[in-house]
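Because the structure is predicted, anything quoted here is derived from the model rather than measured. The first residue of the sequence shown is numbered 1, and numbering continues consecutively from there.
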Amino acid sequence: MYLNSTLNTLDNIFQLIMLVIVFLVIMVVAYFVTRWIGNMGNGQMNNKNIKVIEGCRVGQNKFVEIVKVGGRYFVLGIGKDEVSCLGEVKEEELVITEDTVKPLPDFNHILTKMKEKTFPTKKNNK
């Protein structure tokens with residue numbers, strides 16, 4: 001009787017260890033697949049010839065955006081089902097600052113900001 005319960009306990013411990021190992025393997029695979037997919041998206045968004053300079057919402061599902069294609073600037077009207085070229089703008093007519101053209105923030109920066117909002121650090125008030 002005692003031998004049977006000891007084997008049963010060892011079997012349960014072995015199953016628990018195997019479950020933890022499988023869980024860790026799944027987490028590692030998910031981590032690397034997520035990074036791979038994220039890098040694919042960065043490669044697609046990192047265009048050399050097309051850049052969105054500025055955009056403005058003018059209605060529900062309607063936007064006006066200034067896009068640089070090559071060396072020329074175009075004003076595009078973007079609706080739910082269509083994109084229209086509203087005209088071309090000369091570079092000297094635009095006010096382009098570093099704030100206007102900025103890359104998307106990386107995930108680590110966004111995660112850090114969300115952690116600070118969700119779990120604020122306690123400061124000593126002396």
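- The CD1 atom of Ile21 sits 10.0 Å away from atom CG of Leu16, with the distance rounded to the nearest 0.5 Å.
- For Arg35, there are no salt bridge (charged side-chain N to carboxylate O under 4.0 Å, His left out) partners at least two apart in sequence or on another chain.
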Side chains of residues 112-120: which donor-acceptor pairs under 3.5 Å do they make with residues two or more places apart or in other chains?
unit_1 : atom_1 : unit_2 : atom_2 : d
Thr112 : OG1    : Asn108 : O      : 2.8
Thr118 : OG1    : Met114 : O      : 2.8

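- Looking at heavy atoms from C-beta onward, Leu19 lies out of side-chain contact with Phe23 at the 4.5 angstrom threshold.
- In terms of hydrophobic clustering, with Ile, Leu, Val, Met, Phe, Trp and Tyr side chains grouped at heavy-atom distances under 4.5 Å, Tyr31 and Ile37 are assigned to different clusters.
- Residue Ile50 is grouped with residue Ile78 when hydrophobic side chains (ILVMFWY) are merged at heavy-atom distances under 4.5 angstrom, including chains of intermediate members.
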Would you sort out whether Tyr73 and Leu94 count as a side chain to side chain contact (heavy atoms under 4.5 Å, CB included), showing the intermediate values? CA-CA 9 Å; Tyr73 293 88; Leu94 297 173; 3.5 Å; yes
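- The line from CE of Met18 to CD1 of Ile13 is 14.5 Å long, rounded to the nearest 0.5 Å.
- Looking at Ser84 and Leu76, their side chains never come closer than 4.5 Å, going by heavy atoms from C-beta outward.
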For residues 58-72, which side-chain N or O atoms pair as donor and acceptor with protein atoms under 3.5 Å away, sequence neighbours left out?
unit_1 : atom_1 : unit_2 : atom_2 : d
Arg72  : NE     : Glu88  : OE2    : 3.0
Arg72  : NH2    : Glu88  : OE1    : 2.8

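- Between atom OG1 of residue Thr34 and atom CZ of residue Phe107 there is a gap of 9.5 Å, rounded to the nearest 0.5 Å.
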